[in-house]
Enquirer: 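Take this structure, written in structure tokens, and hold onto it; I'll ask about it next.
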Amino acid sequence: MPAPDNLIVGIDLGTTNSLVAVCDERGPRALPDPANGSVLLPSVVRLEPLAGGGFRPVVGEDAKRLAPDYPASTFSSVKRLMGRSIDDAAGDIPYLPYRIARGDQDTVRVVVETPTGPRLVSPQEISAHVLRALKERAETALGVEVRRAVVTVPAYFDDAQRQATRDAGRLAGLEVVRIINEPTAAALAYGLGLERESVRNTGPQLVAVYDLGGGTFDISILKLSDSAAAPAGTGDSAGTRFFQVLSTAGDTHLGGDDVDRVLVDFALGRADRTRDRLSPGDLGRLTAAAESAKRLLSDADAADISTALDDGSELACSISRAEFEQLIAAWVERTIACCRRAITDATRRLNAAQAPAVDSVVMVGGSSRIPLVRRRVAEFFGVEPYTAIDPDQVVALGASVQASILSGATRGQLLLDVIPLSLGVETVGGAVAKLIMRNSTVPTRATEMFSTSVDGQTSIKIHILQGEREMVDDCRSLGVFHVRGIPPMPAGIPQLQVEFLVDSNGVLSVSAVEKRSGRRAAVQVIPNHGLTRDEVERIERESVVHAREDMQRHRVVDLIVNCKLDLKWIGERLERLKDQVEPAYGQRLRGGMAALSAMVQAAEADWRAVDANLMHELKEQLDRESIRLQELSIAESLRSEPPRR
Ligand code: ADP
Ligand code: MG
């Protein structure tokens with residue numbers, strides 16, 4: 001296999017999961033396991049003793065699945081032990097399901113039971129199995145030999161812990177060209193700290209990285225400044241800018257697992273049961289049900305927790321988003337208290353009189369998807385946090401960005417100085433309304449009002465699209481979200497305001513608020529993740545080729561929607577006022593409606609089959625005809641309704 005010298009991958013060696021990513025001309029991307037398509041590799045290793053001595057390592061999903069059957073030879077969370085003395089690690093040891101022993105010079109060793117007696121293995125060797133699996137995954141995906149990597153570690157790792165991580169890489173056959181801090185990598189994934197022409201920065205910038213995972217919470221405050229101003233050896237350089245860690249805080253036993261426990265207790269409380277009457281199997285299944293309900297609640301307004309118990313009974317309850325938020329409020333506040341501490345320390349580090357303003361907040365870790373977490377973090381720091389990049393992948397992607405800078409391959413090509421392709425939303429009938437036109441410079445903002453086309457809609461879908469063509473099918477989908485909980489109203493009455501904001505890092509935030517009910521929802525995406533220059537050019541070319549046809553189609557689709565609304569409105573009034581409408585006038589209206597209806601049907605079957613000008617003409621004619629009906633309708637409503645003030 002060839003081994004290109006300039007290829008460096010980025011690796012997030014995590015406590016629970018690890019990932020490998022590469023940043024090439026398509027931008028940064030995490031590499032999936034060819035077997036199951038998942039980019040996450042559980043950081044779990046089972047050492048299966050072999051008859052002739054030695055072990056066979058089983059890594060990742062297989063090791064994790066069978067962990068309950070092999071508790072003494074399956075090793076997880078070894079990151080908690082890396083490079084630490086046995087006394088330093090004492091606090092973590094009670095949480096680990098396998099045995100720990102003292103090695104040379106008070107180092108930590110894990111104990112593997114073998115037929116010939118226990119053997120001691122270092123945490124570095126266990127981690128090396130994870131790294132080797134990632135190296136092989138990258139080699140399969142890229143078709144070349146991978147020798148070099150950038151590996152991330154928590155900002156608070158000391159020299160011994162960093163050295164242990166390097167050693168693990170060496171054991172796996174990887175040269176660790178640089179160790180960088182996880183929060184720095186997360187910031188880099190969003191393009192923070194990369195040299196860019198259009199954003200001339202004024203003074204140092206502060207970035208907060210909020211990382212809430214399954215078992216750990218870390219908050220880091222980074223200062224971004226020009227490398228000339230940076231003292232040597234105190235931070236991570238990226239391009240020509242420089243990240244210095246001002247402060248870190250956190251809790252090594254605070255995370256999503258706590259929420260699962262809270263939900264289990266909630267479900268048990270509802271069923272008038274207690275933990276001690278459950279079998280271990282029951283508790284395992286109930287915890288899994290609680291965890292999946294928790295994930296659902298990040299998107300839905302309610303979720304069910306249900307599981308069958310060993311005694312044949314069924315435990316089931318449902319929980320609303322509001323109840324859930326009450327249950328976890330104190331837990332979220334514990335993370336906010338850490339943020340407060342980190343800000344206080346950063347203030348002291350800067351010798352500042354008052355707490356400095358944070359410019360950007362980056363969200364990392366699976367539990368940062370919880371909406372209450374996002375809201376509280378936004379409130380605390382006073383800025384909308386970045387959520388566009390998958391919080392599971394953001395560290396690995398940032399490591400790959402650093403790797404590609406080190407290899408001289410690319411420099412921040414994922415970032416936009418101008419928006420290369422237009423951005424918009426889907427409207428009824430599969431057409432695209434563009435809010436931001438291509439070649440707009442960033443940052444930029446646009447808003448537009450929309451409404452519904454169906455009576456009683458309680459949820460409105462916002463489909464974000466990118467491209468120059470007029471129809472959804474010909475554009476690139478960037479994401480979908482819903483504004484839910486809108487009270488039922490007739491079509492056309494809801495007032496949906498959609499706002500697009502592209503910030504200077506190329507992150508697109510889309511928010512929508514229904515003004516009558518105040519219901520809102522928002523999402524962030526990075527528009528040109530994974531698009532090459534060639535693809536952008538092809539999309540532009542195609543838009544020119546199809547421009548005429550597309551515009552015609554868009555026009556017909558809009559006409560269909562508007563005609564249908566008119567037909568519905570006129571039909572309803574005509575029915576209600578049939579006793580007051582003069583017969584000849586009614587006849588004329590019905591005739592006009594029939595003609596327009598036929599045309600709408602034909603257009604729905606094939607948009608090319610109708611003459612849009614004629615259709616427009618018929619619609620206008622009917623609209624003019626219906627003015628009298630409208631007057632009758634207003635007169636009637638004045639008679640039947642009490643006057644409003
Ligand atoms: P770690 O950093 O500990 O390896 P991760 O960053 O992988 O952990 O986060 C895992 C945690 O995130 C788990 O507790 C999981 O239940 C939680 N999680 C994952 N997806 C969601 C979601 N959609 N909503 C809420 N929690 C989630
Ligand atoms: Mg993590």
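Note that ligands are numbered from 1 as they come in the structure, with each ligand's atoms numbered from 1 the same way.
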Enquirer: For Y70, is the NZ or CZ atom of R46 found under 6.0 angstrom from the centre of its six-membered ring and inside 45 degrees of the ring axis?
Expert: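 Yes, R46 lies over the aromatic ring of Y70.
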
Enquirer: Just jot down the ring-ring contact (aromatic ring centres under 6.0 Å, His included) partners of Y98, sequence neighbours excluded, or say none.
Expert: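 Counting only residues at least two positions away or on another chain, Y98 forms a ring-ring contact (aromatic ring centres under 6.0 Å, His included) with F75.
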
Enquirer: For ligand 1, is G215 a contact, meaning one of its heavy atoms is under 4.0 Å away?
Expert: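 Per 4.0 Å heavy-atom rule, G215 contacts ligand 1.
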
Enquirer: Side chain, backbone, both or neither: which part of R369 has a heavy atom under 4.0 Å from ligand 1?
Expert: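 The part of R369 near ligand 1 is the side chain, not the backbone.
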
Enquirer: Are side-chain N/O atoms of Q163 and D167 paired as donor and acceptor at under 3.5 Å?
Expert: yes

Enquirer: Any N or O on E291 sitting closer than 3.5 Å to an N or O of ligand 1?
Expert: yes

Enquirer: Is there a polar contact between ligand 1 and S367, counting only N or O atoms under 3.5 Å apart?
Expert: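 Yes: some nitrogen or oxygen of S367 is under 3.5 Å from one in ligand 1.
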
Enquirer: Below 3.5 Å, N or O to N or O, backbone or side chain included: is there any such pair between G214 and ligand 1?
Expert: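 Yes; the residue has a nitrogen or oxygen that sits under 3.5 Å from a nitrogen or oxygen of the ligand.
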
Enquirer: Any N or O on S298 sitting closer than 3.5 Å to an N or O of ligand 1?
Expert: yes

Enquirer: Using a 3.5 Å cut-off and no angle test, enumerate the donor-acceptor pairs between side-chain atoms of residues 249-257 and protein atoms at least two apart in sequence or in another chain.
Expert:
{"unit_1": "D251", "atom_1": "OD1", "unit_2": "H253", "atom_2": "N", "d": "2.8"}
{"unit_1": "D251", "atom_1": "OD2", "unit_2": "R334", "atom_2": "NH2", "d": "3.3"}
{"unit_1": "H253", "atom_1": "NE2", "unit_2": "D92", "atom_2": "OD1", "d": "2.9"}

Enquirer: Judged by modelled atom types alone, do S367 and R369 share a side-chain donor-acceptor pair under 3.5 Å?
Expert: no

Enquirer: Could you tell me whether the side chains of S517 and E514 share a donor-acceptor contact shorter than 3.5 Å?
Expert: yes

Enquirer: Report the part of T15 in contact with ligand 1, treating N, CA, C, O as backbone and CB onward as side chain, heavy atoms under 4.0 Å; options are side chain, backbone, both, neither.
Expert: neither

Enquirer: Consider every N or O of G366 and every N or O of ligand 1, then say whether any pair is closer than 3.5 Å.
Expert: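 For ligand 1, there is an N or O atom that lies under 3.5 Å from one belonging to G366.
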
